[in-house]
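Have a look at the structure below before the remarks.
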Amino acid sequence: MDLYRAHVLVCGGTGCVSSGCNEIIEKFKESLKIHGIEREIKLVKTGCFGLCEAGPIVIVYPEGAFYSRINPEDVDIIVEEHLLKGRIVKSLLFKDSVEEDKIKAIEEVGFYKKQLRIALRNCGVIDPEAIEEYIAFDGYKALATVLTELQPTEVIEIIKESGLRGRGGGGFPTGLKWEFTAKAEGDQKYIATNADEGDPGAFMDRSILEGDPHVIVEAMAIAGYAVGSDMGYVYVRAEYPIAVERLQIAIDDAREQGLLGKGIFGADFNFDIEIRLGAGAFVCGEETALINSIEGKRGMPRPRPPFPAQSGIWGKPTLLNNVETYASIPQIILNGAEWFSKIGTEKSKGTKVFALGGKINNTGLLEIPMGTTIREVIYDIGGGIPNGKAFKAVQTGGPSGGCIPMEHIDTPIDYDSLIELGSMMGSGGMIVMDEDNCMIDIARFFLDFTVEESCGKCPPCRIGTKRMLEILDNITEGKGKPGDIEKLERLSKNIKESSLCGLGQTAPNPVLSTIKYFRNEYESHINDKKCLSGVCQELLQFVVIDELCKKCGICAVKCPASCIDGVKGKEIYSIRQEDCIKCGACVDACPFKAIIKE
Amino acid sequence: MKTIQELEKIRKETLEKISLRKDRKGTRIVVGMATCGIASGARTIMMVLLDEIKKRNLHDVTVTQTGCVGACRLEPMIDVYKEGEGKTTYVDLTPEKAKRIVSDHIVNGNIIDVYTIGAYER
């Protein structure tokens, strides 16, 4: 490997792949060659930088110039201007990184300023397919330390003291889980990673696997040493092809370097990892269903206890952690439990990765210390709501979580505060809603998802969620009846208490939290048959404002249902409500804004 | 991998090559690479600098480029920013001069006055 004067980092996360980063990379290769500078400039495909909104992203070091939304045509300009002549192309820089002609370093950009990247520390910095780059950034050092200097019990003690809690959503203390598994009796124990990220809108696990796969390999080996296991499984969904591919490369490279296999670092410790692909069922993120699926059985949960720590894969004691949980482990070993426990709040230590989506300017992936407020995430990091709209609520925890309204926007984010608000941390999806979102429609969307994903094993979840969805459908279609809200609340309570697994136990949360904070919207849907946000089609009416109508007849021409009557130039037009299909074509067609929906 | 030493070796070797992305401390050499600079041979100078830095295992030196500062007749020229030293501008460079700048100035901290813009203008 030669010394290069500049490094061009192109984001290779799934978000940027779909916005065309592979083409950008090819174009760079070509352009560097044409200009004869391919020996001076190193081109690296990294993992996700987090700012998916601005993808494809290209960062040029040593200047740290942050180029966003790069098209293949822009590549020649960057090569000719920046790489050849040393002039940063300001017009292509990420808009927030340019301030009064001064170019800010990446860390100074609002999106990154309040972040603290521990689990994501290597994402967007290293080449995920080069084991040396991971090692250069202190990779496998924690494993070496653990194997040569620490006893398994000491490792568990460090994790316990750090206060790390499971990042998959439940928030169970990780150190305790490790201890239970270590103490469980069994001739064979297994380490497993839950990478079956199924929440709509969540992609932190995928990004870690894509951007820094070795951290999972290293952390699983550390866990193996701590609990006394020599075999690990990563359960990842087949819908994450890039993540699967890079993880496989990481496992192969680690084997080749002797970082997996027998006698790692000369210690009496063997460890190996295999990938198991899931078919993308949401319920397989539940630990007992996941274990069934690893064993090749149908992915259905079973009652607990026994917990996986006692009886997991093939009935053997199994330590199952989430990807993000593992991603924090090597840093905790290297920096100490005290370092980690100083970050965050009293009961939630460290940092959490969130996938920010919905009505927000900076869609993407971010990592913040626990205790950061929702307002900081939405406005300082997320850059606020687009088009000057007002913030209405944020949904955390996906289909298992709930909506948090404006009045609680200053809540510091941690496991307990979110549960208190009727939501939950979940895996870390954060979907922002503005004034145009109807909360019943949102609740309906998530419930529709859980109905679809319910495995059907227990009746409260299989039948109960279906009944709830039917009630919500009725409400959004204007067929809501007085008493529906109470019925929803009663059903929710029963489903939460009697479902077999976490899927059913949390499925009513989106409905309960929207009833709690937006009861008036439910009431106006049921009693007045009105959707205040103008989302529920059945409750809408399109009407012509007589004073504004210029009798041009354009609306009548555009109407696909031919339900607008009038005479061109002579008579004001009007819409026959009984035939209207509420497509909104007339609103778009009217040049005088004389048609409104109400 | 059997020992921590092996791991440390890989770490050090790779870090050298990617330190560009990690910190921006240390010495920075900025090569004038506008059309005028390139035409007068700035690219050769830059390659010499890179080779020297690699040969001497200098971890904290980065080589970057810049545009035209207006003194095209003095090209190829470079600016050396060393910590606590401010900027030194060397002009009318040749590969030999560039090598000496690395050994005398970058490594040993002795500015070579005769190559600087001040001396040239006198």
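Note that this is a predicted model, so its numbers are computed, not measured. By convention in this document, chain letters (A, B, ...) are assigned in the order of the sequence lines, proteins followed by strands, and residues within each chain are numbered from 1.
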Let's go through A/Glu129 and A/Arg246 carefully: what are the C-alpha distance in whole Å and the side-chain angles of both, what is the deciding distance for salt bridge (Lys or Arg N to Asp or Glu O under 4.0 Å) to 0.1 Å, and is it a yes or a no? CA-CA 6 Å; A/Glu129 295 179 15; A/Arg246 294 200 184 144; 3.4 Å; yes

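- Residues forming a salt bridge (Lys or Arg N to Asp or Glu O under 4.0 Å) with B/Arg43 (at least two apart in sequence, or on another chain): A/Glu40.
- Residue contact with chain A, scored on non-hydrogen atoms closer than 4.5 Å, is absent for B/Leu49.
- Within a 6.0 Å sphere centred on CG of B/Asn57, heavy atoms belonging to other residues, nucleotides or ligands number more than 12.
- Aromatic rings from B/Tyr90 and B/His105 are positioned such that their centres are separated by under 6.0 Å.
- Residue A/Ile131 does not touch chain B at all, counting heavy-atom pairs closer than 4.5 Å.
- The greatest number of non-hydrogen atom pairs below 4.5 Å with chain A, out of B/Met46, B/Lys12, B/Glu8, is found for B/Met46.
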